[in-house]
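Counting convention: from 1, in listed order, for ligands and their atoms alike.
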Amino acid sequence: MTTIQHGLSREIDTVRREALDHLDTLRSASDATLWEGAFLGPKGQVTSLLRGLGTLPAEERPIAGRAAQQLRDELAAAFAPLRDRLETEALGLRLASEAVDVSLPGRKPTIGAAHPISTMIDELVEIFALLGFQAVFGPEVETARYNFDLLNIPAEHPARDVWDTIHVQTDGEEIVLRTHTSPMQARTMERIQPPVRVIVPGVSFRFEAQDASHEWQFTQLEGLAVDRNITMADLKGTLQEMARQLFGPERRIRFRCDYFPFVEPGVEFAVDCAICKGRGCRVCKHTGWLEMGGAGMVHPHVLRGVGYDPDEVCGFAFGLGIDRLAMMKYGVDDLRAFANNDIRFLRDFARAIG
Ligand code: PHE
């Protein structure tokens with residue numbers, strides 16, 4: 001045997017010992033992968049031994065080659081069962097940690113639902129459609145001209161103070177967050193000729209101290225009907241019908257005198273409480289009645305302001321608080337619940353009205 005062969009066989013022995021010693025220490029599938037890379041992989045020690053054969057003289061190659069080949073087979077044979085065992089163990093661990101308990105009840109996906117106020121608006125639009133009213137929508141940021149002037153509330157008139165106005169711009173043209181949906185009265189009448197029958201659902205804004213029945217932002221439904229020979233009885237019949245459709249056939253409405261510059265005569269109207277049937281409860285604050293809004297016969301100044309002839313046509317207008325209607329319809333005693341967007345309230349709600 002030449003010295004080179006001796007050198008090689010010693011190297012083979014060293015690698016064998018190292019590899020086998022190391023094999024005993026493998027504890028996991030990733031240890032096994034490392035071991036395989038270090039000895040049998042393309043950059044492993046056994047592979048580089050085999051590569052080194054090329055540098056030997058031709059007559060020595062077969063013997064040295066066989067020895068190296070033998071080493072590779074021996075190590076591969078020792079490694080295979082160990083690797084299989086470690087991989088099976090690793091798979092077992094993974095399966096255990098990712099196990100799904102199929103006996104657990106499923107989680108229901110949360111399904112969105114319309115907000116109570118939106119539901120209320122939809123219902124009102126439907127009721128008024130049957131009465132011949134068309135729904136129109138207007139801007140929430142309004143000029144003082146539509147919010148006040150054309151509604152017979154001139155600049156220095158004390159009545160402007162009644163609406164606690166939030167101003168957006170005071171220099172030049174006065175721009176406000178609309179304090180009611182009434183500006184759409186003039187906007188609509190400017191666009192079309194009588195007969196007019198519209199409702200205007202939408203939010204309005206007032207600078208107010210908040211409590212259970214007052215909010216900065218609230219939702220109103222304006223109504224306007226202008227034609228020949230419209231009377232207060234039409235107004236009353238319309239609101240009465242709305243209350244019955246919403247709250248049941250036995251509901252009654254009440255008119256009391258009130259003042260709004262854009263109607264004459266003006267009234268406030270209330271519906272007898274659908275929750276306690278008028279006996280008194282938390283929602284109606286023990287009065288048996290729930291204030292719904294204002295109404296009246298359109299003031300001739302308003303008609304004239306939009307170019308109508310008050311000797312030819314007349315009409316009624318009303319503005320009702322949709323939040324108030326929703327309070328009564330759904331027995332909610334705090335208006336703020338509608339704006340808080342507390343998911344628990346909304347979820348109960350969606351469940352209740354299905
Ligand atoms: N716009 C009035 C308010 O919000 C309500 C109203 C509308 C009164 C129409 C009369 C006629 O206070």
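Atom numbering of ligand 1 starts at 1 in the shown order; those under 4.0 Å from a heavy atom of Glu222 are 7 (C), 9 (C). Listed by atom number, the atoms of ligand 1 under 4.0 Å from Gly319 heavy atoms are 6 (C), 7 (C), 9 (C). Residue Gln185 has at least one heavy-atom neighbour below 4.0 Å for each of these atoms of ligand 1: 9 (C).
By the criterion of a heavy-atom distance under 4.0 Å, neither the backbone nor the side chain of Ser204 is placed next to ligand 1. The side chain of Arg206, and not its backbone, has at least one atom closer than 4.0 Å to an atom of ligand 1 (non-hydrogen atoms only; side chain from C-beta on). At a 4.0 Å heavy-atom cut-off, ligand 1 touches Phe318 through the backbone alone.
For ligand 1, the polar-atom distance check finds an N/O of Gln220 within less than 3.5 Å of one of the ligand's N/O atoms.
Put simply, no part of Gly266 is less than 4.0 Å from ligand 1, judged by heavy atoms. Note on ligand 1: Ala295 sits in its first shell, one or more heavy atoms being nearer than 4.0 Å.
A cation-pi contact, defined as under 6.0 Å to the ring centre and within 45° of the axis, links Arg187 to Tyr146. With Trp289 as the aromatic partner, Arg254 meets the cation-pi criteria of under 6.0 angstrom to the ring centre and within 45 degrees of the ring axis.
Arg145 has no carboxylate O lying under 4.0 Å from a charged side-chain N of Glu174, or vice versa, which leaves the two without a salt bridge.
Atom 8 (C) of ligand 1 has as its closest protein heavy atom Gly294 C, 3.4 Å.
Between Leu177 and Glu142, the closest side-chain pair of non-hydrogen atoms is not below 4.5 Å.
Remark: Glu87 CD is packed, more than 12 non-hydrogen atoms of other residues, nucleotides or ligands lying under 6.0 Å away. When the shell of 6.0 Å around NZ of Lys236 is examined, it contains 12 or fewer heavy atoms from other residues, nucleotides or ligands.
Checking Phe205, Phe318, Phe260, Phe262 one by one against His180, the ring pair (Phe, Tyr, Trp, His ring centres under 6.0 Å) holds for a single residue, Phe262.
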